[in-house]
Amino acid sequence: MKFVDLKSQDKKIKKNILNKINNILSKNDYINGKINNKVENKFSQKYKLGYSALVSSGTDALYLALRLLKKKYKKGEIITTPFTFFSPSETILNAGFKPVYADINLSDYNISVKSIESKINKNTICILPVHIFGYPCDMNKIMKLAKKHNLFVIEDCAQALGAKIKNKFVGTFGDINAFSFYPTKNLGAYGDAGLVSTKNKKYFNYLKLLKNHGSKVPYEHLIVGENSRCDTFQAVVLNEKLKTIDILNKKRNLLAKNYYKLLRNNNNVVLPKYDKNNKSIYHQFTILVKNRDKLLTHLSRNKIPYMIYYKKPLYKQKFFKKNKIRLKNTETVVSKCISLPIHPSLKNSDVQRICKTINKFYFQ
Ligand SMILES: Cc1ncc(COP(=O)(O)O)c(C=O)c1O
């Protein structure tokens, strides 16, 4: 059993992808190729994103969004979550802003709206929520709060392509929205790739300039931009994988259902929030457990792979030397969380074995 299994997942589509890549090789159409625009339109239509631009990574998608914000504000505070990958905080810092951490909910591990509200002050310019592990943040409340205080919102959808709040996809609430196609994401490229989207045409035009050296016409530079373009190879891979993403997300959901069923009677385990109005894509299946260290040893002994996402809150990273922040729920979650395998090639019998092993640990 593997924690992630990209090889089996791609078995059926690999040949097709290789043929298409060969075609690109024969045309030498390597960067921002003809197909890129087609793929951008597909994403926009399928996920109701408005305008979208493929970029070189999810990190770049966030950074471009923040550079756009830089047009309006030289400095300012951005409220975000300490329980995620470093990228959102890193790009906030790289853009010259200050990340301010709000606490998370114990139930879904997402940023708490109440905590966001308590952090808003005259220096706040933006809220940057992350739909962690594929479960949507409470975007309706976040947008209401943002409107009340005139704040910009950047949605980090890196782990949640296809997740929904009622019938609305994530990535359709914020002013600008960022997606990652890092290979282990639910829709993964064969390398780094990402997408930035917005419903605002003006923002979009600026993002397009930013991602391509500030240039519309070769060698004419209207602004100082970046090189954040997406390779044509990656666009080809994404185009093929888009055809299978709904099936893969469905598979993740079925596996999650099995986890809920088989672990629900174990009161040593807290399962991730389930709400029929919020459709998670289960990028991870993350539980909170008692006696984590001993359970981890037990899982390893039984050859069950797991990951700890995330081992510490971002405010405890060495970089923030003098940071004295302590956020109660975040501290609880990092001390108890375990992510169990949930990739689409996992079998139901694997989930059964995992749950049996966990239940045996507590009830033997
Ligand atoms: C929540 C989150 N935001 C941003 C990123 C950055 O994406 P990328 O690796 O494509 O730069 C990642 C992941 O890798 C992520 O998990």
Side-chain angles (χ1 to χ4, degrees), residues 3-4 6 39 43 52-67 78-95 97 99 101-102 104 108-111 126-137 139 142 153-163 170-171 173-174 176-197 207 210-211 226-231 233-235 237-238 241 252 272 280-286 307-315 317 330 333-334 337 339 342-343:
F3 190 79
V4 179
L6 299 180
V39 177
F43 274 106
S52 21
L54 284 169
V55 291
S56 45
S57 67
T59 304
D60 267 17
L62 287 169
Y63 185 61
L64 297 187
L66 290 155
R67 274 215 52 190
I78 299 187
I79 301 175
T80 192
T81 172
F83 186 68
T84 185
F85 184 59
F86 192 40
S87 255
S89 293
E90 187 177 36
T91 48
I92 289 170
L93 288 159
N94 276 335
F97 299 124
Y101 293 113
I104 59 173
D108 61 12
Y109 325 131
N110 273 324
I111 194 164
C126 174
I127 305 172
L128 200 166
V130 175
H131 305 292
I132 204 72
F133 306 147
Y135 191 92
C137 294
M139 287 314 299
I142 290 174
V153 175
I154 299 170
E155 263 182 80
D156 183 337
C157 310
Q159 302 187 3
L161 178 74
V170 300
F173 295 86
I176 304 195
N177 313 293
F179 297 83
S180 163
F181 306 124
Y182 183 81
T184 56
K185 296 291 191 267
N186 66 332
L187 182 66
Y190 284 178
D192 276 315
L195 182 125
V196 63
S197 77
L207 292 167
L210 276 176
K211 83 165 206 181
E226 311 283 338
N227 178 358
S228 301
R229 296 171 306 221
C230 176
D231 292 347
F233 284 171
Q234 304 308 342
V237 176
L238 295 173
K241 288 204 169 184
R252 286 175 185 270
S280 175
I281 54 96
Y282 295 102
H283 174 58
Q284 303 295 346
F285 193 86
T286 303
M307 293 293 283
I308 307 291
Y309 294 127
Y310 295 91
K311 284 188 176 140
K312 54 179 163 188
L314 288 173
Y315 52 75
Q317 287 293 341
T330 306
V333 171
V334 294
C337 61
S339 296
I342 194 158
H343 59 83

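Both ligands and their constituent atoms are indexed starting at 1 by order of listing.
With respect to atom 11 (O) of ligand 1, the closest heavy atom belonging to the protein is T59 OG1, 2.5 Å. Here the heavy atom of the protein found nearest to atom 3 (N) of ligand 1 is D156 OD2, 2.6 Å. Looking only at protein heavy atoms, the nearest one to atom 15 (C) of ligand 1 is A158 CB, 3.6 Å. Of the protein's non-hydrogen atoms, the one nearest atom 13 (C) of ligand 1 is K185 NZ, 2.9 Å. In terms of protein heavy-atom proximity, atom 16 (O) of ligand 1 is closest to Q159 NE2, 2.9 Å.
Applying the 4.0 Å criterion to heavy atoms of S87 picks out, from ligand 1, the atoms 4 (C), 5 (C), 6 (C). Atoms of ligand 1 lying under 4.0 Å from at least one heavy atom of V130, given by number and element, are 1 (C). Taking every heavy atom of G58 and a limit of under 4.0 angstrom, the matching atoms of ligand 1 come to 7 (O), 8 (P), 10 (O), 11 (O).
With sequence neighbours left out, the ring pair (Phe, Tyr, Trp, His ring centres under 6.0 Å) criterion links F43 to F181.
Using a 3.5 Å distance cut-off with no hydrogens or angles, the side chains of T330 and Y315 do not pair a donor with an acceptor. With hydrogens and angles left out, the side-chain atoms of S57 and D192 include no donor and acceptor closer than 3.5 Å.
Ring geometry for F133 versus Y310: interplanar angle under 30°, hence parallel rather than tilted (30 to 60°).
Note: no N/O pair closer than 3.5 Å links T84 and ligand 1 by distance alone. The shortest N or O to N or O distance between Y182 and ligand 1 is not under 3.5 Å.
Atoms NE2 and OG1, from H131 and T81 in turn, are 12.0 Å apart once rounded to the nearest 0.5 Å. Here the OG1-CD distance, from T184 to Q159, works out to 9.0 Å after rounding to the nearest 0.5 Å.
Remark: distances from the non-hydrogen atoms of H131 to ligand 1 are all 4.0 Å or more.
Summarising the geometry of P129 relative to I111, their closest heavy-atom pair is CB-CG2, 4.0 Å, with the distance given to 0.1 Å.
E226 and K211 are not joined by a salt bridge, as no carboxylate oxygen comes within less than 4.0 angstrom of a charged side-chain nitrogen.
Proximity annotation for atom 10 (O) of ligand 1: of S180, P183, A189, S56, S180 comes nearest, heavy atoms only.
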